[in-house]
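One structure is given here, and the rest of the page talks about it.
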Amino acid sequence: MFKIAEVLPDGSVVGPDGSVFRRTPRNLSPKECEALIASGTPVIAEMWPEPLTWLDEVDALGAWAEIAPQFMGGGKRRKNLYPYWRAHLWESDDGRPLVRFDGKH
């Protein structure tokens with residue numbers, strides 16, 4: 001399901017069920033992203049030209065299929081390589097994960 005993500009003033013994100021997700025300090029590797037998304041973890045990303053979008057299930061898998069070839073894990077980005085993406089783990093107050101993709105595209 002595509003849904004514009006609601007961002008609170010402190011930068012946290014409200015899920016479709018009203019849960020609040022906050023960024024953790026953890027960056028994610030491609031393998032971690034793939035495993036989380038395959039297990040049903042939702043995704044938020046700015047899929048240009050769309051604003052920050054909440055993606056569930058099949059839509060999250062589709063976004064990962066687009067992002068994966070351009071994903072820059074924990075390593076350094078090569079100069080002038082565009083597009084590129086990085087991922088961070090976010091968690092709800094009750095510990096549910098969310099993958100947030102940030103990138104230049």
Side-chain angles (χ1 to χ4, degrees):
M1 167 178 97
F2 284 97
K3 179 182 187 240
I4 304 301
E6 180 185 350
V7 180
L8 298 176
D10 68 356
S12 56
V13 174
V14 179
D17 66 355
S19 297
V20 176
F21 291 81
R22 293 178 176 77
R23 184 178 172 167
T24 72
R26 188 165 156 216
N27 294 324
L28 297 171
S29 71
K31 286 183 181 182
E32 290 171 312
C33 290
E34 187 170 350
L36 284 165
I37 294 166
S39 71
T41 298
V43 165
I44 55 173
E46 287 186 61
M47 303 297 289
W48 191 87
E50 302 299 324
L52 187 63
T53 304
W54 181 278
L55 305 161
D56 283 333
E57 302 165 10
V58 173
D59 294 323
L61 288 168
W64 175 241
E66 284 184 44
I67 291 169
Q70 303 157 355
F71 188 79
M72 303 294 291
K76 291 186 177 180
R77 182 176 66 83
R78 287 177 280 157
K79 191 173 186 178
N80 298 323
L81 175 66
Y82 292 99
Y84 73 87
W85 294 90
R86 293 191 185 269
H88 297 94
L89 179 66
W90 289 49
E91 288 185 344
S92 67
D93 292 336
D94 63 2
R96 287 178 291 135
L98 171 69
V99 174
R100 175 161 180 171
F101 289 111
D102 293 303
K104 301 286 185 195
H105 47 98

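Owing to the predicted nature of the structure, the values given are computational and were not obtained by experimental measurement.
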ask   = Side chain of Ser39, backbone of Ile37: donor and acceptor closer than 3.5 Å?
value = no

message = Which residue in the set Leu55, Asp56, Leu36 passes side-chain contact (heavy atoms from CB on, under 4.5 Å) when paired with Pro42?
response = Asp56

query = From Glu34 CD over to Leu61 CG, what is the distance, rounded to the nearest 0.5 angstrom?
reply = 9.5 Å

key: Nearest heavy-atom neighbours spanning Phe21 and Ser12   = O-CB, 3.2 Å

query = Taking all non-hydrogen atoms of both residues, which atom of His88 and which atom of Asn27 are closest, and how far apart?
reply = CD2-OD1, 2.7 Å

key: Distance, nearest 0.5 Å, that separates CG of Asp59 from OG1 of Thr53   = 10.0 Å

remark   = Output for pair (Arg100 CZ, Leu52 CG), nearest 0.5 Å, gives 5.0 Å

Separation of Glu91 CD from Leu98 CG (nearest 0.5 Å) = 10.0 Å

inquiry  = Just so I know, are the side chains of Asp93 and Arg22 near enough to count as touching, which here means a heavy-atom distance under 4.5 Å?
reply    = yes

message = Nearest 0.5 angstrom please: Asp102 CG to Glu46 CD, how far?
response = 7.5 Å

For Arg96 against Asp94, the heavy-atom pair lying closest together = NE-OD1, 3.1 Å

inquiry  = So which atom in Pro16 and which in Lys3 form the shortest heavy-atom distance, rounded to 0.1 Å?
reply    = CA-NZ, 4.0 Å

query = Is there a donor-acceptor pair closer than 3.5 Å between any side-chain N or O of Thr41 and the backbone N or O of Pro97?
reply = no

ask   = Relative to the ring of Trp64, is the ring of Phe101 parallel (under 30°), tilted (30 to 60°) or perpendicular (over 60°)?
value = parallel

